[in-house]
Structures are given as structure tokens and as C-alpha cells.
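For reference, positions follow the sequence shown, starting with 1. All heavy atoms count here, side chains included; hydrogens, waters and symmetry mates do not.
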Amino acid sequence: MCKALQRAGIEVTIATTDHDLEADLERDNSGTLDGVPVHIFAAQLGNSFKYSRPFTSWLNAEIANFDVVHIHAVFNHSSIAAARACARNSIPYIVRPLGTLDPWSMKQKQIRKQLFLRLGAKRLLSNAAAIQYTTEAEKDATERTLGLNHGTVVPLGIDDEIASFDISRESFAQLFPTLVDQPYILVLSRLHPQKNIEALIKAFVSISDPPALSQWRLVIAGDGDCDYVARLKTLASTSNKVLFTGWLESSAKSAILRNSSLLALTSFQESFGLCLLEAMTCGVPVLVGSNVKLSAEIADAGAGWITEPQLAAIAETLSTALENPTELKVRGMAGVKFASTFTWESVGVSLSSLYTSVVAQYR
């Protein structure tokens with residue numbers, strides 16, 4: 001996103017805590033990451049709270065040097081500290097809530113979130129110059145339940161390299177020898193209870209015994225909490241057709257994606273679902289939970305199948321998809337057309353226009 005903004009003529013700086021950053025995150029000697037200036041501060045209190053006194057001090061000292069601030073997240077101290085620094089210096093800011101304001105999400109860790117709203121998150125939202133959602137469905141659901149009315153929709157984009165990636169049969173066999181010439185359903189995401197992977201595994205196991213579907217495999221590519229991943233593996237141990245690859249990056253991720261026959265994201269809630277666009281860019285149709293906020297657009301485009309997140313519904317929809325190889329190809333091609341509009345260039349232009357509008361209002 002930042003590189004797209006740079007290409008759109010915006011001077012960008014990233015400031016963040018080190019929570020969830022890889023230990024070996026590399027920056028060059030000039031303090032940049034892939035050409036974007038970056039300031040990283042140690043999170044000192046709690047993985048979720050993200051309190052960082054050095055970060056707060058930097059915000060208070062430096063925020064006046066910026067025309068606009070884009071805050072990505074709501075329920076942590078760093079976001080509230082950024083909004084307060086902006087307010088003290090009359091700097092407009094935009095908030096991207098990352099799906100955390102969706103009605104389903106608000107019911108998760110409900111007491112903590114209500115406390116955060118009272119301690120500053122509500123003011124963070126109401127005083128924002130704009131709130132950026134990534135889908136119309138996310139915007140509508142959030143504004144309806146929280147009484148907000150200053151949202152705008154700017155989606156995410158897809159990296160061009162995914163569409164152009166190619167791999168030989170021999171190279172794919174070296175990476176994933178058990179998947180050569182085997183059709184498979186792919187899960188490509190963080191492994192978390194929100195993703196409803198348990199129901200998908202049960203659904204797949206329940207339909208994959210008949211001869212017509214016996215060649216199919218379910219590949220789960222991702223990582224998460226060790227105990228949760230262990231529970232998923234135990235659940236899948238009754239079948240020899242479920243493969244866990246762990247977290248994949250670079251060419252391995254592109255290879256597993258481009259060779260899949262169907263990508264599944266049956267989450268209880270998802271504000272966007274970038275992996276869906278990545279799959280569709282590669283001509284892979286998708287199986288999508290109805291609570292995924294891109295589901296309506298995907299249905300309209302004819303790019304996949306939409307299912308309710310319950311086990312029986314997933315099993316029925318999955319069986320329908322796997323039994324129709326021609327329809328898999330048709331919906332895969334429809335997905336290519338649909339995904340082609342989600343470019344980082346268009347995101348950069350849209351955000352640049354949003355920033356310009358917001359800054360003009362505050363002058």
C-alpha cells in the first residue's frame with residue numbers, strides 16, 4: 001500500500017510497534033523497508049494493548065510534520081495515542097478498522113472492546129476525518145450498528161507477480177511431491193478459530209470417500225497458535241487426504257496457489273479476504289462463507305460458490321463444486337475478470353484523492 005502511495009506521489013512514513021513483526025525484519029542502513037521509511041518501537045505492555053512509551057513520545061514530537069495520518073487498527077493503545085497526538089496538533093487522521101468493528105467481531109472479546117471504546121476508541125472513531133473500509137458490506141454493517149456515518153470504501157490490491165508466476169511440473173513436484181496430479185482444495189490463511197477451518201475439515205472428510213471424489217485433497221497452508229493447529233491436525237487425522245504445509249511464502253505460496261483447483265475461505269467473519277483475490281487472479285474459483293464481506297460481489301461475478309458457515313451447508317456446497325469440473329473452470333475464468341480491477345495502483349490513486357480531500361477540509 002505504501003509503495004502504491006509513493007507511486008501516486010505521496011511521501012509516506014511508517015511508524016509502528018514491533019508486535020507481530022518478524023525478528024529478522026530487515027531494514028537498510030537508511031531506516032527504510034523496501035524503499036519506505038520506517039520507525040519501529042518496542043511494545044512494552046501486552047501483545048494486544050501495544051503500549052509503547054517511545055512510540056507515544058515520537059508521535060507527540062513528530063506528528064506536526066505530517067499533513068495527514070492513516071491509523072490502521074482501533075483496539076490498542078498505539079492507535080489511541082496516534083489519534084490524541086493528531087488532535088493536539090490539529091492534524092487530520094483516517095482510521096482503517098481492519099474488520100474489528102464488524103458486528104461479529106465486536107462480540108469477540110466483548111468486554112475488552114467495550115472498555116476500549118469508553119477509554120478512547122469511540123472518540124478515535126468519531127473524531128476521524130474518515131473511516132476507511134475495504135468493502136461496502138463492512139461499511140454498512142459497521143455504520144448501522146455503531147452509528148457512524150463518515151466512512152469511505154477503498155479496497156486492497158493484489159501483487160502483479162502472483163498473476164505472472166509460472167512453475168514447471170518438475171519444480172512443483174520437488175516442493176509438494178504428494179500433490180502432483182492430485183486436485184486439491186486450498187486453505188491459505190492464518191489458522192485461527194475465526195476461519196472456521198474445523199467445519200471445513202469435517203465437511204471435506206464427510207464427502208471425500210465416494211469414488212467420484214476420492215482423488216481430491218484438502219491442503220491447509222498457514223500457521224497459528226500451536227495448540228489450535230494441533231487440534232486441527234488431530235481432527236484431520238482420521239483422513240489421509242488432508243495435508244498441512246505450514247506457513248508458505250514467495251515461490252512456494254505462489255506454486256500451491258496456482259496449482260489448486262478451489263480455494264476455500266469459510267470464515268465466520270472476514271472484512272475482505274485478500275487470499276480470495278489472489279486465487280481468482282490465478283484463475284482459481286473460490287468457496288466463500290456468506291459472512292465474508294466480499295461474498296456478494298463474488299456471487300454477482302459468478303466467480304465461486306457462497307455457503308453458510310455451518311457444517312452441513314459447507315459439505316453440500318463443497319460437493320456441488322467438486323462434482324462439476326467444467327463449472328470450476330468457468331467460475332475460475334470469471335474470477336480472473338473480477339480480480340483484475342483490484343490493483344494497488346487504483347488503491348494508491350483512491351487513497352491519494354482521499355488524503356487530498358481530507359487535508360483540504362482541515363485548512
*Would you list the pairs meeting side chain to side chain donor-acceptor pair (under 3.5 Å) in which at least one residue belongs to residues 205-233, sequence neighbours left out?*
Glu198-Tyr228

_Hydrophobic cluster (4.5 angstrom, side-chain heavy atoms) - remaining members for Leu119_ = Leu115

*Separation between CG of Leu186 and CD1 of Ile220, rounded to the nearest 0.5 Å*: 9.5 Å

*Does atom CE of Met333 have more than 12 heavy-atom neighbours from other groups under 6.0 Å away?*
no

*Under the side-chain hydrogen bond (donor to acceptor under 3.5 Å, both in side chains) rule, collect the residues that match up with Asn65, sequence neighbours excluded.*
Glu62

*Is the closest basic N to carboxylate O distance between Asp181 and Arg169 below 4.0 Å?*
yes

*asked:* In terms of relative ring orientation, are Trp58 and Phe41 parallel, tilted or perpendicular, with 30° and 60° separating the classes?
replied: tilted

*For Thr343, enumerate each residue passing the side-chain hydrogen bond (donor to acceptor under 3.5 Å, both in side chains) test, keeping only those at least two apart in sequence or located in another chain.*
Ser346

*Tell me who clusters with Phe268, hydrophobic residues only, linked when side chains sit under 4.5 Å apart either directly or through other members.*
Trp104

*Between Tyr355 and His70, is the ring centre distance below 6.0 Å?*
yes

*Between Ser271 and Glu138: side-chain donor-acceptor atoms closer than 3.5 Å*: no

*asked:* Tell me if the centroids of the rings in Phe338 and Phe342 come within less than 6.0 Å of each other.
replied: yes

*So, Glu323 versus Ser319: side-chain donor-acceptor pair below 3.5 Å or not?*
yes

*Write down the atom of Ala85, the atom of Asn60, and the distance for their closest heavy-atom approach.*
CB-OD1, 3.6 Å

_What I'd like to find out is whether the side chain of Phe75 reaches to under 4.5 Å of the side chain of Leu117, using heavy atoms alone._
yes

*Would you say Thr56's side chain and Ala81's backbone share a donor-acceptor pair under 3.5 angstrom?*
no

*Linking Ile, Leu, Val, Met, Phe, Trp and Tyr through side-chain heavy atoms less than 4.5 Å apart, which residues share a cluster with Val330?*
none

_Measuring only between side-chain heavy atoms, which start at C-beta, is Ile158 closer than 4.5 Å to Met280?_
no

